[in-house]
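Counting starts at 1 for both ligands and their atoms, following the listed order. Just so you know, these numbers come straight off a predicted model, no measurement behind them.
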Amino acid sequence: MAITDEISRRRTFAIISHPDAGKTTLTEKLLLFGGAIHVAGAVKSNKIKKTATSDWMEIEKQRGISVATSVMGFNYGTYKINILDTPGHQDFAEDTFRTLTAVDSVIIVVDVAKGVETQTRRLMEVCRMRNTPVIIFVNKLDREGRDPFDILDELEQELKISVRPLSWPINIGAKFKGVYNIFEHGLDLFTPSKQTVSERVEIADVNSPEVDNLVGAADAAKLREDLELIEGVYPEFDEQAYLQGRVAPVFFGSALNTFGVKELLDCFVKIAPAPQPVVAEERRVNPEEEGFSGFVFKIHANMDPNHRSCIAFVKVCSGRFERNAPYKHMRLGKTLKFAAPTAFMAQKKNIVDEAYPGDIVGIPDTGNFKIGDTLTSGEELHFKGLPSFSPEMFKYIENADPMKQKQLDKGINQLMDEGVAQLFVNQFNNRKIIGTVGQLQFEVIQYRLLHEYGAQCRWEPLSLYKACWIESDDEDALAAFKRRKQQFMAVDKEGRDVFLADSNYVLQMAQSDFPSIRFHFSSEF
Ligand code: G4P
């Protein structure tokens with residue numbers, strides 16, 4: 001197959017949701033349709049269960065599973081689909097943000113009873129920043145929930161994106177009868193079942209009396225009324241607007257009952273983008289280019305201390321990736337060959353000889369890779385787009401075993417390269433500060449430092465509001481600011497200036513006192 005055909009048949013995306021909305025269930029049903037698994041329940045969730053007090057051993061067990069489910073590739077008709085899994089636990093949100101840099105589109109799952117929840121809102125912000133095309137699946141229609149028009153309004157307001165329903169439910173909860181597929185003009189009748197696929201009735205026109213026979217006169221009348229309203233309120237579905245991330249098509253269904261999932265998938269493969277050009281510092285790189293290029297968006301450490309190896313996940317951006325071919329590792333300036341790259345097909349890890357744009361290749365690694373590293377067939381390229389966001393929690397990290405300072409430093413550096421958390425060094429007292437999204441990451445770091453590096457750390461509390469990357473065209477102002485705020489100035493691991501604001505008030509004052517300084521809440525600006 002020509003490389004252009006390989007590219008155009010690929011769909012690389014992530015499913016995101018607030019925990020419990022049904023991401024795992026939907027993923028599993030998509031795999032069922034792709035023939036990648038044969039029974040429901042085969043996918044164990046990658047989610048680290050939700051409670052804030054998750055115990056660490058449980059996380060470790062689940063991490064083992066999550067390597068296998070990190071990327072799920074399967075064929076569906078002529079399409080090659082790659083689903084990139086994201087951790088459900090919000091303390092690992094940074095992982096999810098990075099995964100979103102490796103996808104071409106996203107499916108957001110929303111619970112019909114709960115509507116838009118915090119995690120969904122934050123993830124959508126990342127999609128919006130990147131203009132990632134989004135499809136929304138409103139789930140759990142078999143349960144009592146909110147009025148679908150209310151849900152649409154909430155989606156628009158909370159996610160700040162226009163929506164366009166492409167399917168429409170007939171009742172909800174106990175009286176749920178099915179959905180009308182606006183995209184394809186079919187009626188899908190609901191039968192609660194976890195294993196079978198619903199029956200599709202093709203109808204020429206929603207006004208035909210057949211609809212009355214199938215769902216009853218009252219519900220048929222309500223459906224017609226609703227559809228009329230939809231056509232009146234929402235502009236016709238505009239595929240270009242979807243591809244530009246301006247409008248999100250909405251589907252309704254019940255993942256648990258495998259209802260509405262096939263419709264979602266069929267529409268998804270048709271409208272979702274094939275691998276897109278990726279922006280490097282030097283230029284835009286098109287997937288069809290001959291030269292191979294790719295970047296590392298995730299590093300997964302093996303948790304077994306006896307086999308300390310990692311898998312670096314490389315997203316292929318252009319050209320053909322080949323096993324054993326010499327590729328240039330930009331940051332190290334070295335040429336490397338990879339003898340055992342793996343692909344993730346149907347949940348199995350297999351050694352692959354080649355991969356195409358949109359694919360994810362797993363490369364066994366013993367410390368060569370950092371998140372964000374670029375590989376190419378030779379050209380100088382550095383991919384952008386792996387921003388760090390201001391952490392939510394900060395602590396000083398201290399050495400608790402003076403004999404093991406070296407091990408501690410090495411461990412901290414490697415864990416930061418893996419993207420477990422962010423390191424800042426306070427320029428005033430030279431102390432190391434670790435910033436995370438949640439408490440769990442501190443536990444992970446402490447545990448891993450001890451078990452993988454033999455180092456012991458101690459945390460000291462530090463109350464900070466935000467880390468802001470600062471820059472200015474006015475060097476004097478920048479120097480003056482750094483002097484004034486010297487106790488709160490740090491550098492990140494790339495050596496960039498970071499202002500650690502201890503309250504929102506302090507930050508606002510700083511912004512108004514130093515108007516020529518730009519304060520950024522993510523490391524890429
Ligand atoms: P997540 O990955 O987004 O966290 O959600 P997950 O798929 O694990 O689903 C969360 C819960 O919601 C699960 O129940 C799941 O069975 C249920 N669920 C998913 N889709 C539907 C649906 O369409 N209808 C209904 N009624 N429930 C749905 P659980 O009790 O937490 O887990 P389990 O014991 O069923 O696995």
- Query: What closest approach, in Å, do P148 and W168 show between heavy atoms, and which atom pair accounts for it?
  - Reply: CB-CH2, 3.5 Å
- Subset of ligand 1 atoms that lie under 4.0 Å from at least one heavy atom of P19: 4 (O)
- Note on the structure: Checking heavy-atom distances from atom 18 (N) of ligand 1 to each of K29, K140, E144, E28, the winner is K140
- Task: List the steps and the verdict of side chain to side chain contact (heavy atoms under 4.5 Å, CB included) for M416 and I434.
- Result: CA-CA 9 Å; M416 298 307 126; I434 302 286; 3.6 Å; yes
- Residues V116, L155; criterion side chain to side chain contact (heavy atoms under 4.5 Å, CB included); working and verdict: CA-CA 7 Å; V116 176; L155 290 170; 3.7 Å; yes
- Message: What I want to know is whether G22 and ligand 1 share at least one N or O pair that is separated by under 3.5 angstrom.
- Response: yes
- Atom indices of ligand 1, in the order listed, that fall short of 4.0 Å to a heavy atom of K23: 1 (P), 2 (O), 3 (O), 5 (O), 7 (O)
- Message: Applying a heavy-atom cut-off of 4.0 Å, say which part of T25 lies close to ligand 1: side chain, backbone, both or neither.
- Response: both
- Item | L141 and ligand 1 - part of the residue with a heavy-atom distance under 4.0 Å | neither
- Given that the side chain starts at C-beta and the backbone is N, CA, C, O, which of these parts of R143 lies under 4.0 Å from ligand 1, counting heavy atoms, or is it both or neither? side chain
- Task: Check whether any N or O atom of L256, backbone or side chain, sits under 3.5 Å from an N or O atom of ligand 1, and answer yes or no.
- Result: yes
- Message: Could you go through F442 and M393, starting from their C-alpha distance and side-chain angles, then the distance that decides it, and tell me whether this counts as side chain to side chain contact (heavy atoms under 4.5 Å, CB included)?
- Response: CA-CA 9 Å; F442 292 112; M393 298 173 90; 3.8 Å; yes
- Out of D142, D20, T24, T27, who gets a non-hydrogen atom closest to atom 26 (N) of ligand 1? D142
- Message: Applying a heavy-atom cut-off of 4.0 Å, say which part of S254 lies close to ligand 1: side chain, backbone, both or neither.
- Response: both
For residues 228-242, please give each side-chain donor-acceptor pair under 3.5 Å, one per line with the distance, not counting sequence neighbours.
residue: E231; atom: OE1; partner: R164; partner atom: NH2; Å: 3.0
residue: D238; atom: OD1; partner: Q240; partner atom: N; Å: 3.0
residue: D238; atom: OD1; partner: A241; partner atom: N; Å: 3.2

- Task: Number the atoms of ligand 1 from 1 as they appear, then name those within less than 4.0 Å of a heavy atom of A255, with their elements.
- Result: 23 (O)
- What heavy-atom pair brings K29 and L256 nearest, and what distance separates the two atoms? NZ-O, 2.8 Å
- Atom indices of ligand 1, in the order listed, that fall short of 4.0 Å to a heavy atom of S17: 3 (O)
- Message: Could you report the tightest heavy-atom contact between P169 and V179, atom names first, then the distance?
- Response: CA-CG1, 3.8 Å
- Task: Flag the pair F251 / V261 as yes when at least one side-chain heavy-atom distance between them is below 4.5 Å, and no otherwise.
- Result: no
